[in-house]
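A short worksheet on the structure shown next.
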Amino acid sequence: MQTPTNQTDYLYLALMVRIETYLQKATAGGGFAALMPDEGDELARLSIAAEAYEDSLPLMPIKVPQSIPEMIQFKMYERKASQRDMAALLEIPETRLSEVLRGKRSINLALAKKLRTKLNIDAGFILDHA
C-alpha cells in the first residue's frame, strides 16, 4: 500500500498491522490454534473488514489487446514465452512471427487456426482483427 493519504487509509493500515500481529503469533505458535478464541474471532472480523475495503478500491485498468500482434504479445506474456518459444509453439519461422508482431505481415488461415487452437484466442477476435 502507498503512503496513507486520508483517515480511511490510516484505519486500513492500522487494521493490517493488527492482522499481521495475529498472523505472526499463529505462525510462531504452529497454527491458528495458538490464538486465543477471542483473538481468532477478532482476526476473522478484521479480515472481513480489510477485504471489504480492498474490494471497494478501483482496480487499475487492464489494457485489452486491440490487434492480433497485441494479443500474441499478451499470450507471450501470460506464458512467459520468448518470441522464439512462441514461434516454435505456433510451428512457424521466427522471422514470420516477427513480421506479424511488427504489423508487416498479415496472418493466413493456417496461422489463424493455430492461434485459436494453440493459444485459445477467440475465433471472433481473430476474424474481427485479421
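Both backbone and side-chain heavy atoms feed into the values below; hydrogens, waters and symmetry mates do not. Values in this document were obtained by computation on a predicted structure and should not be read as measured data.
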* Contacts of type side-chain contact (heavy atoms from CB on, under 4.5 Å), residue Arg116, not counting sequence neighbours -> Ala123, Ile126
* **Contacts of type side-chain hydrogen bond (donor to acceptor under 3.5 Å, both in side chains), residue Lys25, not counting sequence neighbours** => Glu39
* When rounded to the nearest 0.5 angstrom, what distance separates CG in Asn108 from NZ in Lys114? -> 8.0 Å
* Asked: Is Leu57 reachable from Leu15 through a run of I, L, V, M, F, W or Y residues, each pair having side-chain heavy atoms under 4.5 Å apart?
  -> yes
* To do: State plainly whether one hydrophobic cluster holds both Leu109 and Leu127, where clusters connect Ile, Leu, Val, Met, Phe, Trp and Tyr through side-chain heavy atoms under 4.5 angstrom apart.
  => no
* **With Gln66 via side-chain hydrogen bond (donor to acceptor under 3.5 Å, both in side chains) - residues at least two apart** => none
* Ser98: side-chain contact (heavy atoms from CB on, under 4.5 Å) partners, not counting sequence neighbours -> Gln83, Arg102
* Asked: Between atom CD of Glu99 and atom CD1 of Ile92, what is the distance when rounded to the nearest 0.5 Å?
  -> 9.5 Å
* Could you check if a side-chain atom of Arg96 sits within less than 4.5 angstrom of a side-chain atom of Leu111, using non-hydrogen atoms only? => yes
* To do: Could you note down all residue pairs passing side chain to side chain donor-acceptor pair (under 3.5 Å) where residues 70-79 supplies at least one of them, sequence neighbours left out?
  => Lys63-Glu70
* Structure fact -> Which of Val64, Leu115, Ile121 passes side chain to side chain contact (heavy atoms under 4.5 Å, CB included) with Met71? It is Ile121
* Of all pairs that satisfy salt bridge (Lys or Arg N to Asp or Glu O under 4.0 Å), the ones with a partner from residues 121-130, not counting sequence neighbours -> none
* Sequence neighbours left out, what passes side-chain contact (heavy atoms from CB on, under 4.5 Å) with Ser47? Give chain and number order. => Ile19, Leu43
* Structure fact -> Residue set satisfying side-chain hydrogen bond (donor to acceptor under 3.5 Å, both in side chains) with Thr21, at least two apart, ordered chain then number -> none
* **Any residue meeting salt bridge (charged side-chain N to carboxylate O under 4.0 Å, His left out) with Lys113, in chain and number order, not counting sequence neighbours** => none
* **Minimum heavy-atom distance between Leu35 and Tyr22, given as atom pair plus value** => CD2-O, 3.7 Å
* **Which atom of Gly29 lies closest to which atom of Ala34, heavy atoms considered** => CA-CB, 3.6 Å
* Asked: Looking at residues at least two apart in the chain, or sitting in another chain, which of them share a side-chain contact (heavy atoms from CB on, under 4.5 Å) with Thr27?
  -> none
* Under the ring-ring contact (aromatic ring centres under 6.0 Å, His included) rule, collect the residues that match up with Phe125, sequence neighbours excluded. => His129
* **Chi angles and distances behind the side-chain contact (heavy atoms from CB on, under 4.5 Å) call for Leu89, Leu119** => CA-CA 9 Å; Leu89 176 69; Leu119 298 181; 3.6 Å; yes
* Asked: For the hydrophobic clusters of this structure (ILVMFWY residues joined by side-chain heavy atoms under 4.5 Å, transitively), does one cluster hold both Met16 and Leu23?
  -> yes
* Structure fact -> To the nearest 0.5 Å, atom CG of Leu101 lies from atom CD of Glu94 at 11.5 Å
* salt bridge (Lys or Arg N to Asp or Glu O under 4.0 Å) pairs, two or more places apart, involving residues 41-56 -> Arg18-Glu42
* Asked: Taking all non-hydrogen atoms of both residues, which atom of Ala26 and which atom of Phe32 are closest, and how far apart?
  -> CB-CD2, 3.9 Å
